[in-house]
Amino acid sequence: MAAGWPMRGFPGLLFAGFIPLLIIEDFIYRYPQKFIKFSLLFYSYPAFLIWNGLTTWWIYNSTGVGAIVAIGVNALFMTIIFQLFHFTRRKLKNNLSAYVALVFYWMAFEYLHLNWDLNWPWLNIGNGFSSYYRWVEWYEITGALGGTLWVLVANILFFLLIYPGTFSKLRFPLKIRDVILITAILCWIIIPLIISNSIYHSYKEKSNPVTIVVVQPNLDPYKEQYTVPPVEVVGKIMKLAEPYIDGNTNFLVAPESAIQEYMWENDINTFKSIALLNNIVTKYPNLNVLVGGSTRHEFGPGEEVSNTARKYTDADIYYDEYNTAMLVNSRDSIQLYHKSKLTPGVEILPTYKHFKLLEKLAINLGGTVGSLGKDKIRRVFTTVNTVKVSAAICYESIFGEFFSEFVKNGAEVIMIITNDGWWGNTAGHRQHFSFASLRAIETRRSIARSANTGISAFIDQRGDPHQSTAYWVPGAIKGVVNANDQLTFYVRHGDYLARIATICGGILLLLSLVIHFISKKRQFYK
């Protein structure tokens, strides 16, 4: 599984990555007398730990404790899902139902990992095709969870082919059975590849040009980003960008958290950073400037206080802190979007009252520490003389259905602003960059990606990156992308495959539990 992971892995290996675990599970199922209870947990956990460790070890560069927790806990979650599959197989005593349950349980697990506060969907299996995105152009229909389904079923089919005893009750001669399985495997893998290739070569963008300048300022997040004065930051951004800006440029895009003035939104126009940005749009009235920063909002009398609010130490007044995308143009008001998919352990910890003390354990990456506030809607910015756009901030670009909500709300082009400098020149920033191609395919939206230290690029509606910058090199790029207002099937329906899997998996798990308790009751009376 690790050797199949992006950016440098070959995803064809994913189709066989689970086979050793399936063989182990089958052996334990056949010879339970040789093993203690929950043996599968002890045999499968090292495997999932290795996969997690080899693919996400780079978290260690920003936080050693966070890396250990993320890798260890995520591997444990995967192990529990595999144990539930084994439990269902034992109780239902039906191999077909059990392997179907494995697919449902895993997809439900990935869906949960996309939709709770302590999310970590980096290793959702469908992400494994991000560097070979031309294999999965049909994500416009299924989303990345369709890739998870593709991989899991292929693993099960390969396992049945090489381990024929599992379905020995089927009355097929061995050769006929093998021919059926080989045919099924070839069809299951090759037909989606053919469909994807056809979609890729037949997809044509409609001409609706938007001119964008993307800046990569390259502020060291450990030494510069939170200490350099905003005047210097804006000056550096403009020094890089201005050679590319003219009266026809629609957007200037700068990365996440570029401006660290901690501006109070209640009176945001009084801050020096905003004055500097306003000076830019005064000089270029058709320009829309999108930049990341840190903002705060003080709750007024009668205003509902969020569960992430902080209290002044010397007054009974509450405020929230945000990781914010700001759009500044020649209109009167500044438009703000607050990051809503927050990074666990950095920007969010459980906010229920009994867990508030955990905020003291939050990982300090140099900026705001503890749980941040967030927006309830995926905001679309109103622009000057151009199309509607949205900004996905950093981690938000991993979440397919969440990302698609910007598009559903009217965004015709998406800006991804991020800061991947925390992890150094490792696989982390490359994997994160590659995931943007999947979002472009799912939504058929052009993407402009501004990363503080790289990789910055333009990504077209087929997922192809253009003008990719070098990592840890300051610079700016100018490109023309096409806007699109059409909605894909995936945008309209979201992660419908996962919702179906969650319902069906829940039914199978409930049935397994009922059979388990009935069996226990019978044993008791005997």
Side-chain angles (χ1 to χ4, degrees), residues 6-7 126-127 129-144 147 193 195-216 244 248-253 255 288 290 380-381 383 386-392 396-400 403-404 406-408 410-418 429-451 454-470 475-491:
M7 289 278 290
N127 292 335
F129 298 100
S130 60
S131 57
Y132 283 67
Y133 56 88
R134 294 186 185 184
W135 290 16
V136 290
E137 292 286 327
W138 39 266
Y139 276 12
E140 66 174 15
I141 300 170
T142 68
L193 291 173
I195 292 172
S196 185
N197 185 67
S198 175
I199 294 173
Y200 178 83
H201 289 288
S202 63
Y203 186 85
K204 304 296 181 185
E205 295 185 8
K206 293 181 180 178
S207 180
N208 189 4
V210 180
T211 304
I212 305 172
V213 173
V214 167
V215 178
Q216 182 172 303
Y244 300 93
N248 296 317
T249 305
N250 300 116
F251 290 95
L252 166 61
V253 184
N288 299 273
L290 179 67
V380 178
F381 294 130
T383 60
T386 187
V387 299
K388 295 179 179 179
V389 302
S390 289
E396 294 182 329
S397 62
I398 310 174
F399 300 81
F403 191 92
S404 73
F406 291 113
V407 174
K408 191 180 291 186
E412 299 167 85
V413 173
I414 303 290
M415 317 298 188
I416 294 177
I417 60 174
T418 185
H429 80 271
R430 294 189 291 271
Q431 290 171 3
H432 193 202
F433 170 69
S434 71
F435 294 162
S437 291
L438 303 183
R439 305 292 84 81
I441 291 168
E442 289 169 344
T443 61
R444 295 303 178 190
R445 289 297 184 269
S446 300
I447 293 172
R449 189 178 197 267
S450 174
I455 303 169
S456 302
F458 300 104
I459 300 165
D460 66 28
Q461 295 168 27
R462 297 192 302 179
D464 292 328
H466 302 275
Q467 301 184 56
S468 301
T469 63
I477 52 176
K478 183 176 183 177
V480 177
V481 303
N482 287 313
N484 183 21
D485 62 359
Q486 300 299 306
L487 302 184
T488 65
F489 186 88
Y490 177 71
V491 169

Problem set entry | Residue list, side chain to side chain contact (heavy atoms under 4.5 Å, CB included) with Thr418, at least two apart or on another chain | Glu256, Cys394, Asp420, His432, Arg449, Ala451
Problem set entry | Partner set under side-chain hydrogen bond (donor to acceptor under 3.5 Å, both in side chains) for Arg439, not counting sequence neighbours | Glu442
Problem set entry | CD1 on Ile447 to OG on Ser437, rounded to 0.5 Å | 7.5 Å
Seminar exercise, completed: Rounding to 0.5 Å, atoms NZ (Lys408) and OG1 (Thr488) come to a distance of 9.5 Å
Problem set entry | Which residues share a side chain to side chain contact (heavy atoms under 4.5 Å, CB included) with Glu205, sequence neighbours left out | Tyr203, Ser446, Asp460, Gln461, Asn482
Seminar exercise, completed: Across all chains, not counting sequence neighbours, the side chain to side chain contact (heavy atoms under 4.5 Å, CB included) partners of Asn288 are Phe251, Leu327, Asn329, Thr383, Val384, Thr386
For this session: Supply the atom-to-atom distance Phe129 CZ to Ile441 CD1, rounded to the nearest 0.5 angstrom.
Result: 12.0 Å
Problem set entry | Considering all heavy atoms, the nearest Phe435-Pro6 contact | CE2-CG, 4.5 Å
Problem set entry | Listed partners of Ser390 passing side-chain hydrogen bond (donor to acceptor under 3.5 Å, both in side chains), at least two apart | none
Exercise. Can you name the ring pair (Phe, Tyr, Trp, His ring centres under 6.0 Å) partners of Tyr244, sequence neighbours left out?
Worked result: none
Exercise. Any donor-acceptor pair under 3.5 Å linking the side chain of Thr469 with the backbone of Ser456?
Worked result: yes
Problem set entry | Distance-minimising heavy-atom pair for Val389 and Ala411 | C-CB, 4.2 Å
Exercise. Under the side chain to side chain contact (heavy atoms under 4.5 Å, CB included) test, which residues partner Ser468, sequence neighbours left out?
Worked result: Phe433, Ile455, Ala457, Pro465
For this session: Could you grab the distance from atom CD of Gln431 to atom NE2 of His429, nearest 0.5 Å is fine?
Result: 10.0 Å
Exercise. Applying salt bridge (charged side-chain N to carboxylate O under 4.0 Å, His left out), which residue pairs with at least one partner in residues 478-489 are found, sequence neighbours left out?
Worked result: Asp246-Lys478
Problem set entry | With Ser450 via side-chain hydrogen bond (donor to acceptor under 3.5 Å, both in side chains) - residues at least two apart | none
Seminar exercise, completed: Those residues at least two apart in sequence (or on a different chain) that pass ring pair (Phe, Tyr, Trp, His ring centres under 6.0 Å) with Trp138 are Trp150
Problem set entry | Contact summary for Met7 and Ser434, nearest pair of heavy atoms | SD-CB, 3.1 Å
Exercise. Rounded to the nearest 0.5 Å, what separation is found between the CG atom of Asn197 and the OG atom of Ser202?
Worked result: 9.0 Å
For this session: Taking side-chain hydrogen bond (donor to acceptor under 3.5 Å, both in side chains) as the test, write out the residues that go with Tyr490, two or more places apart.
Result: Asp495
For this session: Can you tell me which residue pairs pass the salt bridge (charged side-chain N to carboxylate O under 4.0 Å, His left out) test with a partner in residues 130-141, sequence neighbours excluded?
Result: Arg134-Asp464, Glu137-Arg444, Glu140-Arg444
